[in-house]
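In what follows, every heavy atom counts, from backbone to side chain, and hydrogens, waters and symmetry copies are set aside.
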Amino acid sequence: MRDAAAVTAAPTDDTGDGAISLVLNAVLLGYLAIAVVNTLVMATISRVREFALLRLVGARTSQVQSMMRQEAGIIVICAVVVGTIAALPSLIGISYAIRHSVFPSVPPLIYIGIVIVAAMIAWPAVMLPTRLALRPPAVEAIAPRVTHDRYRR
């Protein structure tokens, strides 16, 4: 008959399931990062006319970039807060099952690393399209787009 320690002990035979799980999680996080970057880039680059209007009413390019830096900061803060809140239920459940405590044990360096990665993904995804959107002169950027439709008369 086995005792409780033998039943709850981690298996010692390594079948590679852990490595497969890590690879699948990495692929999932990669797709998530691509989706986030794509969304941020498209949302920022679609504001070309808005940036042009701001420049036409007197805002300098540096002021528009400063506004976008602040927006990128807000995006990162919101992502970290919402991500933390979304992860808490499962972390609390796992912590209670393993350690019999409702307070999850997350190493501070790992949490800081997650915050830094979120910033490294969001910051360039907002600031690079902003720089591209501010390149054309404001008068040209705010002009309506002309489409050539050969069937329209």
Exercise for the section: Answer yes or no: are there more than 12 heavy-atom neighbours, outside Arg99 itself, under 6.0 Å from its atom CZ? Expected result: yes

Exercise for the section: State, with a plain yes or no, whether a side-chain heavy atom of Val41 is found less than 4.5 Å away from one of Val37. Expected result: yes

Handout entry: Side-chain (Thr44) to main-chain (Leu40) donor-acceptor, under 3.5 angstrom
Key = yes

Practice task
Compare every heavy atom of Pro124 with every heavy atom of Pro129, then report the nearest pair and how far apart it is.
Solution key: CD-O, 3.5 Å

Exercise for the section: Measure the shortest side-chain to side-chain distance between Tyr111 and Thr84 over non-hydrogen atoms and say whether it is less than 4.5 angstrom. Expected result: yes

Practice task
Verify the cluster assignment for Val139 and Val57: are they in a single hydrophobic cluster under the rule of side-chain heavy atoms below 4.5 Å apart?
Solution key: yes

Completion exercise
So OG1 of Thr39 and CD1 of Ile75: to nearest 0.5 Å the spacing works out to 10.5 Å

Practice task
Check Ile116, Val115, Ile110 against Ile112 for a side chain to side chain contact (heavy atoms under 4.5 Å, CB included) and give me the one that passes.
Solution key: Ile116

Handout entry: Closest contact, heavy atoms only, Ile142 versus Arg49
Key = O-NH2, 2.9 Å

Fill in the blank from the handout: In short, Ala141 meets Ala52 closest at the heavy-atom pair CB-CB, 3.7 Å

Problem - Nearest-0.5 Å distance that lies between atom CG in Leu32 and atom CG in Asn25 - result: 11.5 Å

Problem - Residues forming a side chain to side chain contact (heavy atoms under 4.5 Å, CB included) with Tyr96, sequence neighbours excluded - result: Val102

Handout entry: Results of side-chain hydrogen bond (donor to acceptor under 3.5 Å, both in side chains) for Gln65 - residues two or more places apart only
Key = none

Exercise for the section: Tell me whether Ile20 is reachable from Leu28 by hopping between hydrophobic residues (I, L, V, M, F, W, Y) whose side-chain heavy atoms are closer than 4.5 Å. Expected result: no

Handout entry: Smallest separation among heavy atoms of Ala118 and Val76, with atom names
Key = O-CG2, 4.3 Å

Handout entry: Atom CE of Met67 with >12 non-hydrogen neighbours under 6.0 angstrom
Key = yes

Problem - Hydrophobic cluster identity match, Leu54 and Val48, side-chain contacts under 4.5 Å - result: no

Practice task
Please check if the side chain of Ser95 supplies one atom and the backbone of Ser101 the other of a donor-acceptor pair under 3.5 Å.
Solution key: yes

Practice task
Any chance you could lay out the side-chain contact (heavy atoms from CB on, under 4.5 Å) test for Val117 and Ile121, step after step, and finish with the verdict?
Solution key: CA-CA 6 Å; Val117 167; Ile121 289 173; 4.0 Å; yes

Completion exercise
Between the CG atom in Leu24 and the CG atom in Leu29, the distance rounded to the nearest 0.5 Å is 11.0 Å

Practice task
Identify the two heavy atoms, one from Val64 and one from Phe51, that lie closest to each other, and give their separation to 0.1 Å.
Solution key: CG1-CD2, 3.7 Å

Problem - Heavy-atom closest contact (Ala59 atom, Gln63 atom, distance) - result: CA-OE1, 3.3 Å

Handout entry: Cluster check Met42, Met127: I/L/V/M/F/W/Y, side chain < 4.5 angstrom
Key = no

Exercise for the section: With sequence neighbours excluded, give me every side chain to side chain donor-acceptor pair (under 3.5 Å) pair touching residues 70-80. Expected result: Arg47-Glu71

Practice task
State, yes or no, whether a side-chain contact exists between Leu134 and Arg55 at a heavy-atom distance under 4.5 Å.
Solution key: yes

